[in-house]
> 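The structure under discussion is supplied below as structure tokens; questions concerning it will follow.
Because the structure is a prediction, the values reported are computed rather than measured.
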There are 2 protein chains.
Amino acid sequence: MDRSLTTDDLLCFSVYAVNHAISRLYRPLLAPLGLTYPQYLVLVALWDRDQRRVNDLGAELQLDSNTLTPLLKRMEAAGLVTRQRNPEDERSLIVTLTAKGRDLQSHAGALTTCVQDAMGEDLDELAALRDRLHALRDRLEQQ
Amino acid sequence: MDRSLTTDDLLCFSVYAVNHAISRLYRPLLAPLGLTYPQYLVLVALWDRDQRRVNDLGAELQLDSNTLTPLLKRMEAAGLVTRQRNPEDERSLIVTLTAKGRDLQSHAGALTTCVQDAMGEDLDELAALRDRLHALRDRLEQQ
DNA sequence: TGCGATTAAATCGTGTCAGACCTAATCTCA
DNA sequence: TGAGATTAGGTCTGACACGATTTAATCGCA
């Protein structure tokens with residue numbers, strides 16, 4: 001190892017580059033739906049479990065209120081979600097899908113198929129890669 | 001596959017989450033050096049090959065001038081690089097490391113060791129993961 | 001030679017991200 | 001009960017990231 005470090009050598013850079021590439025892949029697919037990539041991830045989380053608190057969404061997506069608050073306000077302005085204080089604890093705010101937000105789920109299947117096609121044919125390998133990344137994330141969060 | 005899609009199912013989300021986790025890992029390590037994570041990646045690229053054009057850096061880092069121009073201006077203000085027009089083609093701008101920018105390379109080794117420790121002990125597995133991601137990036141860029 | 005096409009950065013607007021801080025509501029326990 | 005601690009969101013500032021557009025320099029070819 002007597003040669004200089006290169007971006008190609010860094011796992012962190014591979015992750016960085018793939019994240020950008022995925023974001024660029026999703027952008028034109030999501031644009032017709034009026035969604036950005038992080039907004040789409042919020043929808044995926046809500047399709048799984050609706051009526052979540054901001055912190056709850058943040059824990060799943062690894063985002064804090066400084067990111068989520070304006071993002072959710074934009075989604076509310078776009079008519080995708082509603083934001084209501086919890087009557088039982090006025091500190092917390094419940095994010096709920098509107099009919100419009102729920103209906104977008106019907107597009108999600110075609111979308112993921114399209115993305116998987118772009119990533120390559122081997123679904124098993126993609127799933128294995130996903131699981132390795134998941135494990136890596138867990139190790140990083142233990143720090 | 002009759003159940004709903006979850007963020008955990010999406011490879012794209014795993015990449016997104018790991019990218020955030022890595023960024024958070026680097027932040028406190030880079031802060032004492034006065035660097036952000038993308039600025040560090042620019043330095044890594046320049047340590048490998050100095051005196052690069054903006055487009056050349058952008059091709060390696062997958063960034064366009066709209067991102068790189070202000071980023072490089074901040075690095076110039078911090079005394080890490082110089083920005084000079086190419087006398088032979090005034091359209092292009094040559095980014096060159098200063099002594100200060102070059103000297104930071106001596107910290108890079110300790111930094112990558114520290115990051116590898118956080119990611120886990122098995123370097124071979126990390127290298128394999130990196131190569132799989134690299135291949136995935138190539139497939140995505142073919143689109 | 002000269003004019004349209006191309007190229008390289010820069011600029012502009014919008015949307016994430018994160019750290020630091022603020023405000024309001026709730027909890028806790030003496 | 002009530003003061004301090006905690007919790008949940010919101011705000012502010014600075015730094016990416018990207019699509020679209022602009023400006024300046026160069027190229028290509030009649």
Side-chain angles (χ1 to χ4, degrees), chain A residues 13 16-43 52-59 61-78 80-81 83-95, chain B residues 12-13 16-32 34-43 52-59 61-78 80-81 83-95:
Chain A
F13 180 70
Y16 177 85
V18 168
N19 189 50
H20 281 182
I22 290 176
S23 178
R24 273 192 291 274
L25 173 64
Y26 268 101
R27 194 176 303 276
L29 301 174
L30 291 172
L33 307 178
L35 291 172
T36 65
Y37 180 52
Q39 287 172 10
Y40 167 69
L41 294 178
V42 168
L43 284 185
R52 316 264 294 261
R53 293 180 309 121
V54 173
N55 265 5
D56 186 12
L57 279 172
L61 301 174
Q62 297 284 291
L63 294 174
D64 210 342
S65 66
N66 49 10
T67 300
L68 278 176
T69 296
L71 191 156
L72 291 169
K73 283 185 174 177
R74 279 187 286 272
M75 291 180 74
E76 185 181 40
L80 298 171
V81 299
R83 299 162 65 249
Q84 294 164 333
R85 290 286 163 186
N86 180 358
E88 297 177 4
D89 184 344
E90 292 279 339
R91 290 174 303 179
S92 63
L93 187 141
I94 308 293
V95 181
Chain B
C12 72
F13 179 70
Y16 177 86
V18 168
N19 189 50
H20 282 182
I22 290 176
S23 179
R24 273 193 292 274
L25 173 64
Y26 268 101
R27 193 174 305 274
L29 301 174
L30 291 172
L35 292 172
T36 65
Y37 181 52
Q39 287 173 12
Y40 168 69
L41 293 178
V42 168
L43 283 185
R52 315 264 294 262
R53 294 180 306 121
V54 172
N55 265 5
D56 186 13
L57 279 172
L61 302 174
Q62 297 284 290
L63 295 173
D64 210 343
S65 67
N66 49 10
T67 299
L68 278 175
T69 295
L71 192 157
L72 291 170
K73 282 184 175 177
R74 280 187 287 271
M75 292 180 73
E76 185 182 39
L80 299 169
V81 300
R83 300 163 65 249
Q84 294 164 332
R85 290 286 164 185
N86 180 357
E88 296 177 4
D89 183 344
E90 292 278 340
R91 290 174 302 180
S92 63
L93 187 141
I94 308 294
V95 181

> If we fit an axis to the first five pairs and another to the last five of the helix from C:dT1-D:dA30 to C:dA30-D:dT1, what angle do they make, to the nearest 10°?
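Taking the rotation axis at each end, their angle is 10°.
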> Just call it for B:D89: base, sugar-phosphate, or nothing, with non-hydrogen atoms closer than 4.0 Å on any strand.
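Sugar-phosphate contact only - B:D89 comes under 4.0 Å of backbone atoms but never of a base.
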> Can you work out whether A:D64 or B:T67 has the more 5'-proximal nearest nucleotide on DNA chain C?
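With A:D64 and B:T67 compared, the 5'-side residue is B:T67.
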> Distance from A:D56 atom CG to A:L93 atom CG, nearest 0.5 Å?
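Going from the CG atom of A:D56 to the CG atom of A:L93 covers 12.5 Å.
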> Relative to the 5' end of DNA chain C, which residue comes earlier, A:L71 or B:V54, by the nucleotide with the nearest heavy atom?
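Going by which nucleotide is closer to the 5' end, it is B:V54.
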> Reading DNA chain D from 5' onward, which residue's closest nucleotide shows up sooner: B:Q39 or A:N55?
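It is A:N55, whose closest nucleotide lies nearer the 5' terminus.
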> Under 3.5 Å, is there any donor-acceptor pair linking the side chain of B:S65 to the base of C:dA10?
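Answer is yes: a donor-acceptor pair is held.
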> Provide, to the nearest angstrom, the distance between the CD atom belonging to B:Q84 and the P atom belonging to C:dA9.
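Checked: the CD to P distance equals 14 Å.
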> For a quick check of understanding: with a heavy-atom distance under 4.0 Å over all strands, which category does A:L68 fall into, base, sugar-phosphate or nothing?
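Answer is nothing: A:L68 stays at 4.0 Å or more from every strand.
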> Considering heavy-atom distances to DNA chain D, does B:N86 or A:P70 have its closest nucleotide positioned more toward the 5' end?
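It is A:P70, whose closest nucleotide lies nearer the 5' terminus.
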> Counting just side-chain N and O atoms, does A:K73 come under 4.0 Å of either OP1 or OP2 of C:dG15?
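No, A:K73 has no side-chain N/O under 4.0 Å of OP1/OP2 on C:dG15.
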> Regarding B:T36, tell me which of base, sugar-phosphate or nothing describes its non-hydrogen contacts under 4.0 Å with the strands shown.
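Sugar-phosphate only.
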> Less than 4.5 Å apart, any side-chain heavy atom of A:L80 and any of A:L35?
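When only atoms from C-beta onward are counted, A:L35 and A:L80 do touch, with a gap below 4.5 Å.
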> Is the base of C:dG19 touched by the side chain of A:N66 through a donor-acceptor pair closer than 3.5 angstrom?
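Present.
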> For A:S92, report the nucleic acid contact type (base, sugar-phosphate, nothing); a contact means any heavy atom under 4.0 Å.
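Since only primed, P, OP1 and OP2 atoms lie under 4.0 Å of A:S92, the category is sugar-phosphate.
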